[in-house]
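What you see is a predicted model; the values in this text were computed from it and never measured.
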Amino acid sequence: MKLRQKVIFLAITPLILAMCAIAYAVRHQAITLAEQQRATIGQAYLASKEAELKHYVTLASHSIAYLYQSGRKDAAAKEEAKRILGALSYGDDGYFFIYDLQGNSLMHPRQPELVGQNLWDLRDANGNLTIQRLMQRAKNGGGFERYNWIKPSTNKSAPKLGYVILMPEWGWMMGTGIYMDDVDQALDKVDAQQSGNIRSTMLWIAAIAILGSLLVAGSGLVLNISELRVADAKLKVLAQRVVESQEEERARLSRDLHDGISQWLVSIKLQIEAGIARLCGNAEQQAKAPATFERAAEQLNKVLGEVRRISHNLRPAILDDLGLAAALDHLVQEFNDSSSAQASFAASPPNAGEGLPDMVNTVLFRIAQEALTNSERHASASRIEVSLHGSEGVSGAVELRIADNGGGFDFDGIALHPQRGIGLRNMTERMEAIGGSLHIASTPAGTVVLARLDLQQ
């Protein structure tokens with residue numbers, strides 16, 4: 001074996017062994033984390049379902065409170081209460097049920113054939129006395145009970161989590177429940193997603209290992225050992241930056257969805273259910289129902305706005321649909337709506353930028369976003385002018401200019417600072433990546449950002 005081949009072999013072998021060790025460690029940690037996450041999600045999901053059940057029973061109790069608390073025990077009052085509770089369904093498998101203290105079924109919207117039957121000795125698939133256990137739970141102050149019951153949507157027995165309360169004045173046990181197979185399906189979906197992420201991570205590690213090996217082998221033909229080590233170190237740093245960037249973006253999207261949209265949707269759901277319950281109540285409750293729906297509509301508008309914001313931050317759809325000029329005009333309008341500074345946009349000719357490649361459109365749009373943000377946040381500008389100049393068709397040159405009347409900044413000082421000027425460096429790198437140039441001129445009278453790209457015929 002020649003010396004050069006030995007050098008390549010000695011360089012590649014440790015890399016492969018290291019990547020295998022990393023892959024094993026990452027896979028082990030990912031599986032452990034997935035198991036812990038499943039347990040945490042399962043507990044949180046079950047807790048939310050338990051709280052949801054309690055809210056449902058509370059709403060049901062409130063919907064018939066005017067009958068139950070009136071002291072009436074006549075058949076008419078009870079029949080009216082049954083009618084109201086029978087109408088309070090939530091989905092195909094969400095309903096309320098009523099039994100008397102002897103185990104006779106008084107109301108069951110999904111299985112009317114059970115009404116009038118005595119189910120005191122009914123046992124589920126596990127041999128448990130279902131009604132007796134529910135009755136004991138209700139007599140002990142109410143609470144949760146697990147049992148098996150026929151699921152209406154599938155007509156098959158499924159595990160169920162019920163919540164029951166006792167209504168002693170009428171001799172009733174009233175309750176509702178959720179089928180746990182839906183919870184298991186949700187957790188199985190989480191497991192599948194986690195398994196997919198683990199496989200994807202392993203493929204990435206394998207791809208990086210293969211790419212690193214090829215780079216090491218190619219570099220060994222023309223470089224010495226020292227240069228090979230430098231190239232390998234740079235590759236590892238780059239791979240780490242890619243992984244970190246992906247995780248940061250996923251974390252940001254997860255926070256936006258969980259902390260914003262998810263919470264609002266739960267609130268809207270509860271308010272709609274409360275409004276429906278009030279519509280089924282007396283005149284006073286019905287009068288309060290519109291206000292509940294109005295609040296839900298207001299929150300729904302906020303959810304739509306949040307979805308648009310997240311979508312726009314990822315990539316504005318107007319950029320693909322109408323082109324760069326329309327997207328910049330829309331960006332300026334949104335900026336004016338949310339900022340004390342006022343910006344204007346002009347395109348010359350009106351269809352400037354039409355037909356540009358997607359990458360060019362994206363780069364110029366991101367530069368405009370960054371420049372507008374910097375003008376307002378750092379330069380305290382009150383007036384900003386955005387202009388796009390280009391020739392007809394995909395030829396000649398395209399030029400994006402952003403000028404403000406802010407206080408300016410020390411461009412050279414910020415550009416050389418290790419912890420500042422990240423946005424400026426990103427803009428410069430974006431333009432260099434597509435073969436363009438970025439020029440920034442800043443004085444106490446204002447700042448001008450000029451991005452220019454020469455297009456080929």
Side-chain angles (χ1 to χ4, degrees), residues 26-62 88-96 126 133-134 137 140-149 151 153-154 158-165 175-201 246-274 276-277 295-296 299-300 302-304 306-307 309-310:
V26 168
R27 185 175 183 276
H28 175 73
Q29 292 296 327
I31 292 175
T32 302
L33 180 61
E35 293 174 350
Q36 295 174 350
Q37 185 177 4
R38 188 184 195 279
T40 302
I41 292 175
Q43 293 175 357
Y45 196 74
L46 183 59
S48 68
K49 289 298 183 182
E50 290 179 348
E52 187 177 336
L53 283 180
K54 292 184 68 175
H55 292 158
Y56 286 156
V57 173
T58 301
L59 288 174
S61 299
H62 289 169
L88 293 179
S89 62
Y90 46 97
D92 295 336
D93 301 317
Y95 56 88
F96 291 89
N126 297 325
R133 292 176 61 183
L134 291 172
R137 180 67 64 183
N140 290 339
F144 299 98
E145 188 69 34
R146 290 177 179 267
Y147 57 98
N148 285 359
W149 198 264
K151 188 174 183 180
S153 60
T154 61
K160 187 174 184 179
L161 176 65
Y163 185 83
V164 292
I165 60 173
T176 186
I178 57 170
Y179 290 90
M180 301 303 293
D181 58 341
D182 294 337
V183 178
D184 294 336
Q185 290 175 3
L187 293 178
D188 290 341
K189 185 177 180 181
V190 171
D191 289 341
Q193 292 174 345
Q194 291 171 340
S195 298
N197 291 336
I198 293 174
R199 287 194 299 271
S200 177
T201 302
Q246 290 177 339
E247 293 302 321
E248 289 174 0
E249 183 64 16
R250 290 175 180 173
R252 184 185 67 80
L253 287 175
S254 176
R255 287 193 300 269
D256 286 344
L257 292 175
H258 180 271
D259 297 341
I261 295 176
S262 177
Q263 302 298 328
W264 277 334
L265 289 178
V266 171
S267 177
I268 291 170
K269 176 177 178 291
L270 294 177
Q271 291 192 48
I272 290 176
E273 291 172 349
I276 293 174
R295 288 194 299 270
Q299 290 193 346
L300 187 58
K302 293 180 181 179
V303 172
L304 293 175
E306 184 71 7
V307 171
R309 182 187 68 80
I310 294 174

S.K.: Please answer whether the main-chain N or O of Lys151 pairs with a side-chain N or O of Asp93 as donor and acceptor at a distance below 3.5 Å.
M.R.: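 It does not hold such a pair.
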S.K.: If you compare all heavy atoms of Ala60 against all heavy atoms of Phe96, which two are closest, and at what distance to 0.1 Å?
M.R.: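 Closest heavy-atom pair between Ala60 and Phe96: CB-CE2, 3.5 Å.
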S.K.: Determine whether Glu273 and His55 make a side-chain contact, defined as any pair of heavy atoms from C-beta on separated by less than 4.5 Å.
M.R.: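 They are not in contact (no side-chain heavy atoms under 4.5 Å apart), so the answer is no.
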S.K.: Which pair of heavy atoms, one from Leu88 and one from Ala277, lies closest together, and at what distance?
M.R.: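 Nearest heavy atoms, Leu88 then Ala277: CD2-CA, 4.2 Å.
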S.K.: Any side-chain heavy atom of Leu161 sitting closer than 4.5 Å to one from Glu50?
M.R.: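 SC-SC contact between Leu161 and Glu50 confirmed.
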S.K.: To the nearest 0.5 Å, what is the distance between CZ (Arg146) and CZ (Arg133)?
M.R.: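 If we round to the nearest 0.5 Å, Arg146:CZ and Arg133:CZ are 10.5 Å apart.
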S.K.: Please report the interatomic distance OH(Tyr90) to CG(Leu59), rounded to the nearest 0.5 Å.
M.R.: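 Answer rounded to 0.5 Å: 10.5 Å.
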S.K.: If you round to the nearest 0.5 Å, how far is CG of Leu46 from CD1 of Ile178?
M.R.: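 Here the rounded value is 7.0 Å.
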S.K.: Atom CG of Asp92 and atom OG1 of Thr154: how far apart are they, to the nearest 0.5 Å?
M.R.: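 Answer rounded to 0.5 Å: 10.5 Å.
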S.K.: Which pair of heavy atoms, one from Tyr56 and one from Thr176, lies closest together, and at what distance?
M.R.: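 It is CB-CG2, 4.3 Å.
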S.K.: Mind listing the closest non-hydrogen atom pair of Ile272 and Ala296 along with its distance?
M.R.: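 Where Ile272 meets Ala296 most closely, the heavy atoms are CG1-CB, 4.1 Å.
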S.K.: For residues Ser153 and Tyr179, is any side-chain donor paired with an opposing acceptor at under 3.5 Å?
M.R.: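 Tyr179 and Ser153 do not have a side-chain donor-acceptor pair below 3.5 Å.
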S.K.: Could you work out, with ring-ring contact (aromatic ring centres under 6.0 Å, His included) as the rule, every residue matching Tyr95, not counting sequence neighbours?
M.R.: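 Residues passing ring-ring contact (aromatic ring centres under 6.0 Å, His included) with Tyr95: His108.
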S.K.: Return the set of residues passing side chain to side chain contact (heavy atoms under 4.5 Å, CB included) with Ser89 (not counting sequence neighbours), or none when no residue passes.
M.R.: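 With neighbours one apart ignored, the set is Arg110.
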S.K.: Test your reading of the model: is there a side-chain donor-acceptor pair from Ser61 to the backbone of Val57, 3.5 Å cut-off?
M.R.: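 Side chain of Ser61 to backbone of Val57, a donor-acceptor pair under 3.5 Å: yes, one is there.
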